Protein chains: 2
Amino acid sequence: MVQAQTLSRNQQIVLDIIEKAKGPLKAYSILFNVQKKGINAPQQIYRALDKLIEMGKIHKIESKNAFVACRNSDCEISKATAFSICESCEMVDEISDAKLSKYLSSFNHKKGMKFKRFNLEFFGLCKKCK
Amino acid sequence: MVQAQTLSRNQQIVLDIIEKAKGPLKAYSILFNVQKKGINAPQQIYRALDKLIEMGKIHKIESKNAFVACRNSDCEISKATAFSICESCEMVDEISDAKLSKYLSSFNHKKGMKFKRFNLEFFGLCKKCK
DNA sequence: TAACGTTTGTTATAATATAACATATTTGAG
DNA sequence: CTCAAATATGTTATATTATAACAAACGTTA
């Protein structure tokens, strides 16, 4: 079972770094940042990332192979995620829009497939880069 | 400029394989399949894939690092893509739903970002795997 | 036909991710 | 409490995905 509250040492270390970051972090950049804390191997990072994703504490931005903290209670355990991604400065913003989320969560494919989960990535230029 | 019609030799070889495939193909699996045709290096595959994506002939399934042929004229040069992905058998189906596409294409983020493009991936179990 | 852009070929390497195994720690049922 | 099961850790090695850099060939088209 996925634990509800408590994070293990490594999980907490990794989550702290991701939460403090201004943008999405890559696994190896997290690794380089925690080597002073005694974490030396990619496996240790990837294991923590996997658990944090399961718990819904972070999300993976698939198009960037990078990770951001979840700022959105609506996506409850990452069943319904949407992001806005700037193609210039790489900024990523989690979209929390109840209508959008509802619309997509209830979307059903014609071919009879029932969806459990979706991930949506929007791309453009953010205010600053426009 | 992106060429309109003609594909180069390598581009055609790569596209043929992707179009014939039943499911998404990974870059290195494409590579192994074309070594008999004199293509030996990953670069050759990735270059062809990049151009085919630009031309809208194929799409990348970001969550799988794999590539599928475009079956949908609606997504015109990959500005608006949506896929249905089976978590069991790995089947990928391109969704072409005008309403969905229109809804998302006109979606505007509250924070003032104007989107140029989106990619949506739905996950679940397909008919067979259900 | 010369200049430019595009494609190709090639070698090397970077970046991302998992396998496999041994040990330690935590948790919960009895 | 206590021991068995589940979870987490540490570690080495390796697999997978992707790009850098450079030289040569090809194909437009002015």
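Every value quoted in this text rests on a predicted model; they were computed, and no experiment measured them. In what follows, every chain begins at residue 1, and chains take the letters A, B, ... in the order their sequences are listed.
In this entry the distance linking CD1 of A:I30 with P of C:dA15 reads 16 Å, nearest Å. Between B:E62 atom CD and C:dT16 atom P the separation is 14 Å, expressed in whole Å. We find that CG of A:L7 is positioned 19 Å from P of C:dT25, with the value rounded to whole Å. The interatomic distance linking A:Q12 (CD) with D:dA8 (C1') rounds to 15 Å, in whole Å. D:dA18 atom C1' lies 16 Å from atom NZ of A:K64, rounded to whole Å. Look at CG on A:N10: it is 11 Å from P on D:dT11, rounded to the nearest Å. Between B:M55 atom CE and C:dT6 atom C1' the separation is 11 Å, expressed in whole Å. To the nearest angstrom, C1' of C:dA17 lies 10 Å from CG of B:N65.
Between the A:E19 side chain and the A:A69 main chain, no donor and acceptor come within less than 3.5 Å of each other. Checking side-chain atoms of A:T81 against main-chain N and O of A:F118 turns up a donor-acceptor pair under 3.5 Å. The backbone N or O of B:L25 sits nowhere less than 3.5 Å from a side-chain atom of B:S29 that would complete a donor-acceptor pair. Judged by distance alone, the side chain of A:K26 and the main-chain N or O of A:K64 form a donor-acceptor pair under 3.5 Å.
Nucleic acid contact for A:K60: sugar-phosphate only, since backbone atoms but no base atoms lie under 4.0 Å from a heavy atom of the residue. Heavy atoms of B:R47 sit under 4.0 angstrom from at least one base atom.
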All N/O donor-acceptor pairs, side-chain side in residues 120-130 of chain A, below 3.5 Å, sequence neighbours left out:
unit_1, atom_1, unit_2, atom_2, d
A:E121, OE1, A:S63, N, 3.3
A:E121, OE1, A:S63, OG, 2.7
A:E121, OE2, A:E62, N, 2.9
A:E121, OE2, A:N119, ND2, 3.2
A:K130, NZ, B:G112, O, 2.7

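Taking for each of B:R9 and B:P42 the nucleotide of DNA chain C with the nearest heavy atom, the 5'-most of the two is the partner of B:R9.
One donor-acceptor pair, N or O on each side, does fall under 3.5 Å between the base of D:dA20 and the side chain of B:Q43. A donor-acceptor contact under 3.5 Å is not formed by the side chain of A:Q44 with the base of D:dA8. Under 3.5 Å, the side chain of B:Y28 and the base of D:dA15 form no donor-acceptor pair of N or O atoms.
At C:dT6, none of the side-chain N or O atoms of B:K51 fall inside 4.0 Å of OP1 or OP2 (strictly under the cut-off). Remark: A:N40 is in phosphate contact with D:dT11, judged by side-chain N or O atoms under 4.0 Å from OP1 or OP2. Dashed line: the shortest gap from a side-chain N or O of A:S8 to OP1 or OP2 of C:dT25 is not under 4.0 Å. Under 4.0 angstrom from either OP1 or OP2 of D:dT19 there lies no side-chain N or O belonging to B:Y46. For B:K26, a side-chain nitrogen or oxygen approaches OP1 or OP2 of D:dT17 to under 4.0 Å.
Comparing C:dT7, C:dA17, D:dT12 by their closest approach to the side chain of A:A41 singles out D:dT12.
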